[in-house]
Every structure is written in C-alpha cells, then in structure tokens.
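One structure is given here, and the rest of the page talks about it.
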Amino acid sequence: MARHNSLIFPARHAGFVAWSGGVPVGAATYTVDGGDCELTFIDSGRQHGGIGTLLLQAVEDAARRARCTRLWLVTTNDNLTALSLYQRRGFRLRALHPGAVVEASQLKPKIPEAGDFGIPLRDEIDLDKDL
Ligand SMILES: CC(C)(COP(=O)(O)OP(=O)(O)OC[C@H]1O[C@@H](n2cnc3c(N)ncnc32)[C@H](O)[C@@H]1OP(=O)(O)O)[C@@H](O)C(=O)NCCC(=O)NCCS
C-alpha cells in the first residue's frame, strides 16, 4: 500500500483475522512506533456486519497493551464509509494531504482514478485517536 509518499507492506505487520463459520472474512494490521500505533490495513470483507468495528477494537486493545497513547491511520477522500466508521468511534481528522493519492500512483501504478461513490480519488486524510 502507498501512503505518505512511501510504500508499506501490511502483510508483514502484526494483525488480526476475523473468522466466520471457519472462514476468514476480514483482517486488520498495525505497527507500533514508540507511543504511536498505526492501523495499516483494515478490510471487513462484507460491510455492515460489525466486523470492521470488532477488528478496529482488537487493534485498539493491542495498541493499549503496547502502551501506545495514540492510534492513527490514513484513509482517502472517497472512503466515506471508513470516515464514518472512524469518526463515530472516537477518531479525529488530523491532516489533509491534497493530491497525495495522485502522487502515490507514481509508487503504486494500479490506483484507480475513481474511488468509492464515484468520487475522484485524490487526497489522503490522517485521523487519530488518543488512547
Ligand atoms: C471500512 C470498513 C472496514 C468498515 O467495516 P464494516 O464491517 O462495514 O464496519 P461495521 O459493520 O463494524 O460498522 C459499519 C456500520 O455498520 C453498522 N453495523 C454494525 N453491525 C451491524 C449489523 N449487524 N447490521 C447492520 N448494521 C450494522 C455499524 O453500526 C456501523 O454503522 P455506524 O458507523 O453508522 O454505527 C469496511 O467498509 C471495508 O472493509 N471497506 C473496504 C476496505 C477499506 O476501505 N478499508 C479502510 C481503509 S482506511
């Protein structure tokens, strides 16, 4: 994945897998850097079933166990579903990086031009939550 003009590899990060009926249905990964924990990936597989909330809570709990005081993440301007989920669970908007997704396409050429809801995929948004 590309964010903040650098590539990261969530498959190499610590994380959690959500299972349903013996089948993996979602996953979330994170990294710890001092007192900061970054949620580097979250995908619930099927939406609005509560899996995203459970995965987010699992990462938050892991961050607290690692004595982090801040959980942060980067999303994109089109991801209204994620922006809703995070803000309703205590995250604040911290920074806007206009055009960062367009710049990231130099690093990761497969980024589509149109994102969710047909919104042009352009900007990165940082969110965080004090723990
Ligand atoms: C963003 C994402 C992880 C959210 O996961 P999710 O499983 O849909 O999240 P949840 O179901 O826990 O919560 C979403 C909403 O569904 C509601 N919900 C939870 N359980 C529900 C149920 N059984 N029935 C109906 N709605 C339910 C929640 O209340 C929540 O709504 P709210 O925020 O208005 O309270 C998911 O949409 C996803 O994987 N998207 C694609 C990848 C992605 O964009 N990742 C984020 C990158 S930053």
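One-based numbering, in listed order, for ligands and for the atoms of each.
Contact of the L80 side chain with the D116 side chain is not registered, since no non-hydrogen atoms from C-beta on lie closer than 4.5 Å. At a threshold of 4.5 Å between non-hydrogen side-chain atoms, the residues N77 and L121 count as touching. Within the 4.5 Å cutoff, the side chain of Q87 has heavy atoms near those of the L93 side chain. At least one side-chain heavy atom of V59 sits less than 4.5 Å from a side-chain heavy atom of F16. The closest side-chain heavy-atom distance from Y86 to I125 is not below 4.5 Å. Looking at heavy atoms from C-beta onward, E38 lies in side-chain contact with I8 at the 4.5 angstrom threshold.
The G52 neighbourhood of ligand 1 comprises atoms 5 (O), 6 (P), 7 (O), 9 (O), 12 (O), with distances under 4.0 Å to a heavy atom of that residue. The atoms of ligand 1 that sit less than 4.0 Å from any heavy atom of N79 are 43 (C), 44 (O), 46 (C), 47 (C). Taking every non-hydrogen atom of R88 and a distance limit under 4.0 Å, the qualifying atoms of ligand 1 come out as 32 (P), 33 (O), 34 (O), 35 (O). The distance from ligand 1 to the heavy atoms of D43 drops below 4.0 Å at these ligand atoms: 39 (O), 42 (C). The atoms of ligand 1 that sit less than 4.0 Å from any heavy atom of T75 are 48 (S). Proximity to G49 (heavy-atom distance under 4.0 Å) selects the following atoms of ligand 1: 11 (O), 20 (N).
Side chains of N5 and H97: no donor on one and acceptor on the other come within 3.5 Å.
For the side chain to side chain donor-acceptor pair (under 3.5 Å) test with D126, the passing option among R3, H4, R94 is H4; the others fail.
Taken together through direct or relayed side-chain contacts under 4.5 Å among Ile, Leu, Val, Met, Phe, Trp and Tyr, V101 and M1 form parts of separate hydrophobic clusters.
Annotation: atom 20 (N) of ligand 1 to nearest protein heavy atom, G50 N, 3.4 Å. Of the protein's non-hydrogen atoms, the one nearest atom 29 (O) of ligand 1 is R89 NH2, 3.7 Å. With hydrogens left out, the protein atom closest to atom 13 (O) of ligand 1 is L85 CD1, 3.4 Å, a heavy atom. Among protein heavy atoms, the minimum distance from atom 12 (O) of ligand 1 is reached at T53 OG1, 2.5 Å.
Only the side chain of T81 comes within contact range of ligand 1, with a heavy atom under 4.0 Å; no backbone atom does. Of the heavy atoms in Q47, both backbone and side-chain atoms come closer than 4.0 Å to ligand 1.
R88 pairs by the side-chain contact (heavy atoms from CB on, under 4.5 Å) definition with S84, not counting sequence neighbours.
The existence of a salt bridge linking K129 and E60 is confirmed by a sub-4.0 Å separation between a basic side-chain nitrogen and an acidic carboxylate oxygen.
Distances from ligand 1 to the non-hydrogen atoms of Y86 include at least one value under 4.0 Å. Residue contacts with ligand 1 leave out L73, since none of its heavy atoms falls under 4.0 Å from the ligand.
Between atom 24 (N) of ligand 1 and the options H48, E124, Q57, the minimum heavy-atom separation is to H48. In the candidate list S44, G26, A18, A82, S44 is nearest to atom 6 (P) of ligand 1, counting heavy atoms.
Inclusion of I42 in the set of residues having an N or O under 3.5 Å from an N or O of ligand 1 is warranted.
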